[in-house]
Amino acid sequence: MTLQLRVYVPEHPLIKHWLSVARDVNTPPVLFKSAMSELGRWLTYEAVRNWLPTVDTMVQTPLTECAATFVNPQTPIGIVPILRAGLALLDEAQKVIPTAAIYHLGLVRDESSLEPACYLNKLPDRFAPQTRIVILEPMLATGGSIMMAMKEIISRGVSPELIRIISIVAAPPALRQLSKNYPGLEIYTAIIDEGLNSKGYIVPGLGDAGDRSFGT
Ligand SMILES: O=P(O)(O)OC[C@H]1O[C@H](OP(=O)(O)OP(=O)(O)O)[C@H](O)[C@@H]1O
Ligand SMILES: O=c1cc[nH]c(=O)[nH]1
Ligand SMILES: [Mg+2]
């Protein structure tokens, strides 16, 4: 597969560990959710490297004055969790980017057509100029949900260059769609899996991320 987008799979023992916990069918919901949370933290950490604008200033330490760098609090940043499964990544992602506003987007796939439908949209009518967006979408399967999310966000004034996607398991059909429509887009994922089964589930995958996070 030739990809024009940039898919990063950070090589890290903690990412491998928590992905394996999440994949295991015997992992109970509470532990599954904390595995997703951990993955949300480390992947968000990787995704914002060299991306969050900073300001240089001075601070007074207990001993002397010293150069200091802070995340620029003036830069508008949004986190868009795709409900439900994206909620499992949200707490830790928000801790990593405490200046971010959270805009919930509720999408659900029809089980037979696999087409997504939107049931909750808390995006603003218009994002402030230069807003940076991190989308939390743990499962990139057919790509229908992430494409809908990208369209909703971009139509409200966000430049595709200022969007980064955090996923846990990414499959080729979704990556192909993103690549075709958004060359240069950056995705941070714990793994790229082989493909989809006849019901649109990622194989080997981890099952239904929403159901497993919430025990439904
Ligand atoms: O790439 P796609 O084929 O669109 O599949 C990915 C979507 O499927 C799941 O959502 P689901 O509809 O199961 O809702 P849930 O998160 O509430 O379980 C998952 O959380 C993604 O949002
Ligand atoms: O494998 C999959 C595919 C879509 N959504 C999920 O939660 N899991
Ligand atoms: Mg689901």
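None of these values were measured; they are calculated from a predicted model.
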Item to check | Donor-acceptor pair, side chain of Thr54 and main chain of Val71, under 3.5 angstrom | outcome: no
Checklist entry - Among Ile133, Val80, Ile187, whose side-chain contact (heavy atoms from CB on, under 4.5 Å) with Ile163 holds? => result Ile133
Next on the checklist: Taking the cut-offs as 6.0 angstrom to the six-membered ring centre and 45 degrees off its axis, would you call Arg164 and Tyr182 a cation-pi pair?
Outcome noted: no
Checklist entry - Rounded to the nearest 0.5 Å, how far does NZ of Lys33 lie from CG of Leu89? => result 10.0 Å
Checklist outcome for this item: Between the CD1 atom in Ile79 and the CD1 atom in Ile102, the distance rounded to the nearest 0.5 Å is 4.0 Å
Item to check | Working for side chain to side chain contact (heavy atoms under 4.5 Å, CB included), residues Leu83 and Leu105 | outcome: CA-CA 6 Å; Leu83 277 49; Leu105 190 59; over 6 Å; no
Checklist entry - Counting N and O atoms only, with roles assigned by atom type, does the side chain of Asn72 sit under 3.5 Å from a partner on the main chain of Val55, one being a donor and the other an acceptor? => result no
Checklist entry - So, do Glu152 and Arg156 sit near enough that their side-chain heavy atoms are less than 4.5 Å apart? => result yes
Item to check | By side-chain hydrogen bond (donor to acceptor under 3.5 Å, both in side chains) - contacts of Ser159 (at least two apart) | outcome: Glu161
Item to check | Gap between atom CG of Leu90 and atom NZ of Lys95 - 0.5 Å precision | outcome: 10.5 Å
Checklist entry - Is there a side-chain contact between Thr189 and Leu43 (heavy atoms, below 4.5 Å)? => result no
Item to check | Spacing of CG belonging to Leu175 relative to OG belonging to Ser167, to within rounding of 0.5 Å | outcome: 7.5 Å
Item to check | Heavy-atom closest pair, residues Cys118 and Asn121 | outcome: SG-CB, 4.1 Å
Item to check | From CA spacing to verdict: side chain to side chain contact (heavy atoms under 4.5 Å, CB included), Val169, Leu140 | outcome: CA-CA 6 Å; Val169 184; Leu140 297 174; over 6 Å; no
Next on the checklist: I'd like to know if Asp91 pairs up with Arg41 as an ion pair, taking the criterion as any Lys NZ or Arg NE/NH1/NH2 lying under 4.0 Å from an Asp or Glu carboxylate oxygen.
Outcome noted: no
Checklist entry - Is it true that Ile153 and Met147 fall in one hydrophobic cluster, defined by side-chain heavy atoms closer than 4.5 Å? => result yes
Item to check | For Tyr8, all residues meeting ring pair (Phe, Tyr, Trp, His ring centres under 6.0 Å), sequence neighbours excluded | outcome: Tyr188
Checklist entry - How far apart are the closest heavy atoms of Ala88 and Met36, and which atoms are they? => result CB-CB, 3.7 Å
Checklist entry - Do Ile166 and Ile77 belong together in a cluster built from hydrophobic side chains that touch within less than 4.5 Å? => result yes
Item to check | Verify same cluster id: Leu120, Met139 (apolar side-chain graph, 4.5 Å) | outcome: yes
Item to check | CG-CG distance between Leu136 and Leu39, expressed to the nearest 0.5 angstrom | outcome: 12.0 Å
Item to check | Check: Gly184 main-chain N/O paired with Arg6 side-chain donor or acceptor under 3.5 Å | outcome: yes
Checklist entry - Phe70 and Val59: side chain to side chain contact (heavy atoms under 4.5 Å, CB included), yes or no, with the steps? => result CA-CA 10 Å; Phe70 292 96; Val59 288; 3.8 Å; yes
Checklist entry - Is Val96 close to Trp42 at the side-chain level, that is, under 4.5 Å between some pair of heavy atoms? => result no
Next on the checklist: Angle between ring planes, Phe127 versus Tyr103, binned at 30° and 60°: parallel, tilted or perpendicular?
Outcome noted: perpendicular
Checklist entry - What's the shortest heavy-atom distance between Gly210 and Arg84, and which atoms? => result C-NH2, 3.7 Å
Item to check | Residue pair Val203, Leu196: steps toward the side chain to side chain contact (heavy atoms under 4.5 Å, CB included) verdict | outcome: CA-CA 5 Å; Val203 181; Leu196 307 182; over 6 Å; no
Checklist entry - Is the number of heavy atoms from other residues, nucleotides or ligands under 6.0 Å of Glu11 CD greater than 12? => result no
Checklist entry - Are side-chain heavy atoms of Pro204 and Glu194 found at a separation under 4.5 Å? => result yes
Checklist entry - Ile82, Leu178: one ILVMFWY side-chain cluster at the under-4.5 Å cut-off? => result yes
Checklist entry - Under the 3.5 angstrom rule, does the side chain of Thr27 hit a backbone N or O of Val21 as a donor-acceptor pair? => result yes
Checklist entry - Should the heavy atoms of other residues, nucleotides or ligands under 6.0 Å from CZ of Phe214 be counted, would the total exceed 12? => result yes
Checklist entry - When clusters are formed by joining ILVMFWY residues with side-chain heavy atoms under 4.5 Å apart, either directly or through shared neighbours, do Val9 and Leu206 land in the same one? => result no
Checklist entry - How long is the span from the CG atom in Leu185 to the CD1 atom in Ile146, to the nearest 0.5 Å? => result 8.0 Å
Checklist entry - Does Arg49 reach the main-chain N or O of Tyr45 with its side chain, forming a donor-acceptor pair under 3.5 Å? => result no
Checklist entry - Is the shortest heavy-atom distance from the side chain of Met150 to the side chain of Asn181 under 4.5 Å? => result no
Item to check | Donor-acceptor under 3.5 Å (Arg212 side chain, Ala22 main chain) | outcome: yes
Checklist entry - Between Ser145 and Arg109, what is the shortest heavy-atom contact and its length? => result OG-CG, 4.0 Å
Next on the checklist: Looking at every non-hydrogen atom in both residues, tell me the closest pair between Asp193 and Gly205 and how far apart they are.
Outcome noted: OD2-N, 2.8 Å
Checklist entry - Do any N or O atoms from the side chain of Glu137 and from the backbone of Gly86 form a donor-acceptor pair under 3.5 angstrom? => result no
Item to check | Over all atoms of both residues, closest heavy-atom pair of Leu114 and Gly200 | outcome: CD1-CA, 3.7 Å
